[in-house]
Amino acid sequence: MLLPIHQPFDLHSTLFSGQAFRWRPNGDWSEGIVFNNVVRLRHVEGGIEFLSAPDDEAALESLIRDYLGLDRDIEGVYGSLELDDRLTASIARYKGMRILRQDPWECLVSFLMAQASNIPRITKNVEDICKTFGRPIEVSARAEPFGGAQDRPVEARPHGFPTPSELARATVDALWDLRLGYRARFISAAAQAVDSGKVDLMALREDPYEAALDTLMSLDGVGDKVANCVLLFSLDKMEAFPVDVWIERALQEWYLNGKGQKLTRPKMRLWAHDYFGVYAGYANHYLFHDRRLQGKTSS
DNA sequence: AGCCAGGCCCTCC
DNA sequence: GGAGGGCCTGGC
């Protein structure tokens, strides 16, 4: 199925800029697991083509459009971010890179795992937790879009992301065995909190930024950075501004040194909100991605 | 060997 | 409220 697009869209940068961890390049397609489906996406003339199984494309279309943010006005975002040459250069370089609208539960667990880690390891941890606790996806129910996919051995079958209830039933020891380290108990506690209804992640989409931030940070192991990742990548808070080491260096060298300012991380977020405005999160992701790929000499 | 990763938490000042 | 150390694990 073709999803027409009318504004800049950079599929590769969107899927592989470190906001989601279940996408893999596969020829000219990108294949990922979302909404308990195997999904393939590729950029073609006029839009994004996609295939899915076991659900058919018509059933998944609106979820995928929503996930990719196809209906968002990215030109409007760019218009409000014409602030300085540094940011303009990053946007030009990755024009069309979008902020995904992910499932908040998967997003929360993924970024709990991400602390003091790196993308290859996070990717492996996410894969392991899905294989161990997630439900296998029966692509064979609809094999034609993925010729041969039904022949995968059972143990190689793709798995959906475990639900809060599935992870709430997992013991800390079982999580520990996945080599998650001290993050295991954070994930277990988060699963209890969400499964019990103590925290309603989806409801946070309706809450203002500050309130949603407070709720997330009440969870053990969720600090300012993790909370802002969840707010930005899954909860529609475009002003969210995760400050990790990359952003810390980028802001310090590209924006603050000249002014002789030295800020702590929470202060950096406040500074960024003042400077970048309501779309600070987009500015964050472009600077983050640029900084990681181009390095510190980029200008 | 020792340091540091896409942090967070606790302690101490 | 800010600085410093510890923490699982993995990679250099």
Inset, instruction - Would you tell me whether H12(A) and S30(A) have side-chain atoms, one donor and one acceptor, within less than 3.5 Å of each other? - result: no
Inset, instruction - Check whether the side chains of Y78(A) and D73(A) place a donor and an acceptor atom closer than 3.5 Å, and report yes or no. - result: no
Legend entry - Inter-nucleotide P distance (dC8(C), dT11(B)), Å rounded: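 Here dC8(C) and dT11(B) have their P atoms 15 Å from each other.
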Legend entry - Span that lies between the P atom of dG6(B) and that of dG2(C), in whole angstrom: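 To the nearest whole Å, 25 Å.
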Are [Y] and [X] an aromatic pair, judged by ring center distance below 6.0 Å?
X       : Y       : result
F276(A) : Y255(A) : yes
F111(A) : F21(A)  : yes
H159(A) : F133(A) : no

Please state how far atom [atom1] in [X] lies from atom [atom2] in [N], giving the value in whole angstrom units.
X       : N       : atom1 : atom2 : answer
R121(A) : dC12(C) : CZ    : C1'   : 15 Å
K225(A) : dC9(B)  : NZ    : P     : 13 Å
R183(A) : dA5(B)  : CZ    : P     : 14 Å
L251(A) : dG6(B)  : CG    : C1'   : 14 Å
D128(A) : dT9(C)  : CG    : P     : 14 Å
I187(A) : dG7(B)  : CD1   : P     : 15 Å
N125(A) : dG6(B)  : CG    : C1'   : 13 Å
M217(A) : dC10(B) : CE    : P     : 12 Å

Considering every strand and a 4.0 Å limit on heavy-atom distances, what is the contact class for [X]: base, sugar-phosphate, or nothing?
X       : value
R179(A) : sugar-phosphate
G18(A)  : base
A116(A) : base
K267(A) : sugar-phosphate
R185(A) : nothing
I247(A) : nothing
F186(A) : nothing

Inset, instruction - By nearest nucleotide on DNA chain B, pick out whichever of F111(A) and G221(A) is the more 5' one. - result: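 On the 5' side of the pair lies F111(A).
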Legend entry - From E248(A) atom CD to F288(A) atom CZ, the distance as rounded to the nearest 0.5 Å: 13.5 Å
Using the side-chain heavy atoms of [X], tell me which of these nucleotides is nearest: [options].
X       : options                : answer
F288(A) : dG6(B), dC8(B), dA5(B) : dG6(B)
Q115(A) : dG6(B), dG7(B), dA3(C) : dG7(B)
R249(A) : dA5(B), dG6(B), dC9(B) : dA5(B)
W176(A) : dT9(C), dG7(B), dG2(C) : dT9(C)

Inset, instruction - Please determine if R291(A) forms a cation-pi arrangement with W246(A), meaning its NZ or CZ atom is less than 6.0 Å from the six-membered ring centre and no more than 45° off the ring axis. - result: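 Not flagged: R291(A) not positioned over aromatic ring of W246(A).
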Legend entry - Closest-nucleotide 5' rank along DNA chain C - winner of T264(A) and N118(A):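 With N118(A) and T264(A) compared, the 5'-side residue is T264(A).
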Inset, instruction - Please state whether the phosphate of dA5(B), meaning OP1 or OP2, lies under 4.0 angstrom from any side-chain nitrogen or oxygen of W246(A). - result: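 The answer is no; no side-chain N or O of W246(A) sits under 4.0 Å from OP1 or OP2.
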Legend entry - 5'-to-3' dot-bracket of DNA chain C (Watson-Crick, G-U; under 3.5 angstrom; crossing pairs as [ ]; | other strand): |||||||.||||
Inset, instruction - Go through the structure and list residues passing salt bridge (charged side-chain N to carboxylate O under 4.0 Å, His left out) with R101(A), not counting sequence neighbours. - result: D66(A), D236(A)
Legend entry - base_contact_polar (dG6(C) base, Y182(A) side chain, donor-acceptor, <3.5 Å): no
Legend entry - NZ/NE/NH1/NH2 to OD/OE distance under 4.0 Å, R179(A) and D128(A):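 Not counted as a salt bridge, because no side-chain N and carboxylate O are separated by less than 4.0 Å.
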